[in-house]
Amino acid sequence: MSVRLLSQFGFDGGEVSPKFAGNSDLERYQRSLALCENIIVLPQGILTRRPGTRFISEVKDSSKRVRLVPFEYSADDTYMLEFGDSYVRFYRADDEGNIGVIRDGSNAIYEVTTPYDETEIFGFDYQQVEDTLYLTHPEIGIATLTRTDHANWAFNSSPTITDKPDEWTGTNWPAYITEHQQRLVLAATPAKQRKMWVSMTPNTSGPRLLTFTAGTSDENALVFNISAKGAISWLASGRALYLGTTDEARTVSGAGGFYEPITPSSILNRDHANDRSAAIKPVRKNNSFFFLSKSQKRVHEFNYSFEDDAFNAPDITEWAEHIAGAGKNGKITKLAIARDPVPIIWGVRGGDGQLVAMTYKENSVYAWTRHKIGGSYGGNDWGKVEDIGTVFMDGRDVLWIQVARTINEQTVRYLEILEDFHDPENDADIGSARYLDSAISHDAETAFTTFDGLAHLMGEDVELLADGAALPAVAVTDDGEGKGIIELPDGIEAVELVAGLNAPFYAQTLPIDPGSAQGSGRSKKKRVTEASLDLLNTSVLQIGKNRETLRDASFMTTQTLVGDLVPMFTGIEALSINDVFDEDGTFGFGGDGPLPCNIRAFVQRITTGD
């Protein structure tokens, strides 16, 4: 028998595919995990528990899906739009930072009628320019949605299009849209899937975004076909006009270079990477565009490499090729990006409704993780995320989700936002933590023992954070008026309360090679007897060989009572595991409830049978 100490000083490899479990000699492997659920990797390499979600509203009709579209009119006036069956609703943060649906003067929910039914809402592309959202649907046509005030929006299903191309008619309209160099760019009708139209430039009277007057002057509109085999799948604007097709990734620019304006006499169409694109809107971070492969199983980063003097589109899911899910239903159906405060690309896993995330730091961190939103739906013990969107709101980029759950034996669809990362002022500031899902927060002037604001979770068991202390879960019951009431356990009183669904987190380490007298120790029997974890602001942690054997690492004393606040712990905590001998030498850690957990590194004590 021999004893070795092995360390892991970062986790910026994220969760990696089981297919890489034999690559223990690679540096990235040594900074990765086998499982990383409801945990986010920060750019510094630390693991932090995923923030919980805040309940905002039930959608208009819970039997039908909705689509989320962001709208940012100014730094102070930003909105999330709920497109549903023939309507759109609007959400914003008020002056106090409270986020909710916009209501009209009579306190009714404000909405605008649209021509898109439940299936057609997923078929339009959009581009915001100042106060107007331009929408195009290949079978319905071009439309605009214009903002005048918070509760004053106008939808125009037949805006004036000057010198409209003759072929735009009936059920033959462009499918994709973007703005580039102060022109609208539209592309790919059902009849001409490689054709593009570019509007006129502005003049002294203002923009001419829906003017398509042809000519030879630099200001005139353009019409051209790209030289490609595949159909156009998306458009985006950056240092050039970027586009994905079902066969390759391309750019269009002026003939003089990427920053040159496109004009009728100066246009250059380049093919850069033969990676196929899905017809799903890409997301951008600085000079990189992230798009989904045609199979929707891979994410590519399309950018310019100065080292190669060329555009590339590498697969950034190579180490996490499992992240989209298994089988034919394993697909990522939408991407959204939060840039501030932590750059994270979010995705919806269409098969089972898990949320996936990639923490991003240019050229150094591509850390994928998976997230199971609290609740249950469709036989899974997590809620099914069906759509996402991000918008800058209340001082940060906010991730919005539309999640389906089974509540009180009924299907419900809720809009929720991801809470901010916990940033405590001191080791006793646990009350600001938000780790429960579909949660409601309540602050009162006087202490209370009951709360009746949980109708959306009727019949569910909810976890509680009361004045910074974790309390045992309680059931939400009907108060006779449908309000959804809970009673704090053991007669405890509170002034501040957070109540919501449990969202357990869990990580599993990768198989290790501790070495042996004969060389490699990969196939040797080994066990992890102890792990010393470097913790930051942590109040909850469980550890064990696997999920089934997790045991609490207590941060309480023998004098701690139910309802007492337990200060967060920062430092190294040595925890025994008493693992059984096997070839992998792995262990797991996690937790649940409303409390924080952050892990910077660990050292594991390995006993090897030489």
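All figures in this text were calculated on a predicted structure; none of them were measured in a lab.
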**Request:** Just do the side chain to side chain contact (heavy atoms under 4.5 Å, CB included) check on Phe71 and Trp153 with the steps written out, would you?
**Result:** CA-CA 12 Å; Phe71 189 100; Trp153 299 68; 3.7 Å; yes

4.5 Å side-chain heavy-atom contact, [X] and [Y]:
X      : Y      : answer
Ile417 : Leu399 : no
Ile373 : Arg50  : yes
Arg147 : Asp77  : yes

With a sphere of 6.0 Å drawn around [atom1] of [X], does it hold more than 12 non-hydrogen atoms of other residues, nucleotides or ligands?
X      : atom1 : answer
Gln182 : CD    : no
Asn329 : CG    : no
Lys294 : NZ    : no
Arg339 : CZ    : no
Asp423 : CG    : no
Lys361 : NZ    : no

**Request:** Using the salt bridge (Lys or Arg N to Asp or Glu O under 4.0 Å) rule, take Arg28 and Asp12 through it: C-alpha gap first, then chi angles, then the decisive distance, then the call.
**Result:** CA-CA 8 Å; Arg28 176 161 180 169; Asp12 50 23; over 6 Å; no

**Prompt:** After noting the C-alpha distance and the side-chain angles of Arg65 and Phe122, does the key distance pass the side chain to side chain contact (heavy atoms under 4.5 Å, CB included) rule?
**Reply:** CA-CA 10 Å; Arg65 291 181 57 188; Phe122 299 101; 3.8 Å; yes

At their closest point, which heavy atom of [X] faces which heavy atom of [Y], and how far apart are they?
X      : Y      : answer
Val540 : Leu595 : CG1-O, 3.4 Å
Val356 : Arg349 : CG1-CD, 4.0 Å
Ala143 : Pro159 : CA-CD, 4.0 Å

Close aromatic pair by centroid cut-off 6.0 Å: [X] and [Y]:
X      : Y      : result
Tyr110 : Phe90  : yes
Phe289 : Phe302 : no
Phe258 : Tyr242 : no

**Request:** Apply side chain to side chain contact (heavy atoms under 4.5 Å, CB included) to the pair Leu335 and Lys281, showing each step before the final yes or no.
**Result:** CA-CA 7 Å; Leu335 297 176; Lys281 213 170 182 66; over 6 Å; no

Below 30° counts as parallel, above 60° as perpendicular, anything between as tilted: where do the rings of [X] and [Y] land?
X      : Y      : answer
Phe589 : Phe11  : perpendicular
Tyr360 : Phe290 : perpendicular
Phe311 : His272 : tilted

**Prompt:** With distance as the sole test, does Asn426 use its side chain to make a donor-acceptor pair with the main-chain N or O of Asp429 at under 3.5 Å?
**Reply:**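 Confirmed, Asn426 side chain pairs with Asp429 backbone.
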
**Prompt:** Is the side chain of Ser293 donor-acceptor paired with the backbone N or O of Arg298 at a distance under 3.5 Å, no angle test?
**Reply:**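 Flag set: sc Ser293 to bb Arg298 pair under 3.5 Å.
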
**Request:** Test the Arg89-Tyr87 pair against the cation-pi criterion, namely NZ or CZ under 6.0 angstrom from the six-membered ring centroid and within 45° of the ring axis.
**Result:**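 Because its charged atom sits under 6.0 Å from the ring centre and within 45° of the axis, Arg89 does stack over Tyr87.
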
**Request:** Would you kindly check if the NZ (Lys) or CZ (Arg) of Arg67 is within the cone defined by 45 degrees around the ring axis of Phe124 and under 6.0 Å from the six-membered ring centre?
**Result:**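 Satisfied, under 6.0 Å and within 45°.
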
**Item:** Candidates Trp346, Tyr91, Tyr79, Phe55 - the one meeting ring-ring contact (aromatic ring centres under 6.0 Å, His included) with Trp400
**Value:**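 Of the listed residues Trp346, Tyr91, Tyr79, Phe55, the ring-ring contact (aromatic ring centres under 6.0 Å, His included) partner of Trp400 is Tyr91.
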
Taking NZ, NE, NH1 and NH2 as the nitrogens, is one of them in [X] or [Y] under 4.0 Å from a carboxylate oxygen of the other?
X      : Y      : value
Lys285 : Glu362 : yes
Lys60  : Glu82  : no
Glu386 : Arg413 : yes
Arg405 : Glu416 : yes

Do [X] and [Y] meet the criterion of a side-chain donor-acceptor pair at a distance under 3.5 Å?
X      : Y      : answer
Ser74  : Asp76  : no
Thr251 : Ser253 : no
Glu301 : Tyr366 : yes
Glu96  : Asn98  : no
Thr390 : Asp397 : no

**Request:** Verify side chain to side chain contact (heavy atoms under 4.5 Å, CB included) between Asn38 and Arg49, making sure each step is shown before the conclusion.
**Result:** CA-CA 6 Å; Asn38 284 343; Arg49 187 176 181 185; 5.9 Å; no

**Prompt:** Given Ser441, which of Glu496, Arg434, Glu419 fulfils the side chain to side chain donor-acceptor pair (under 3.5 Å) condition?
**Reply:** Arg434

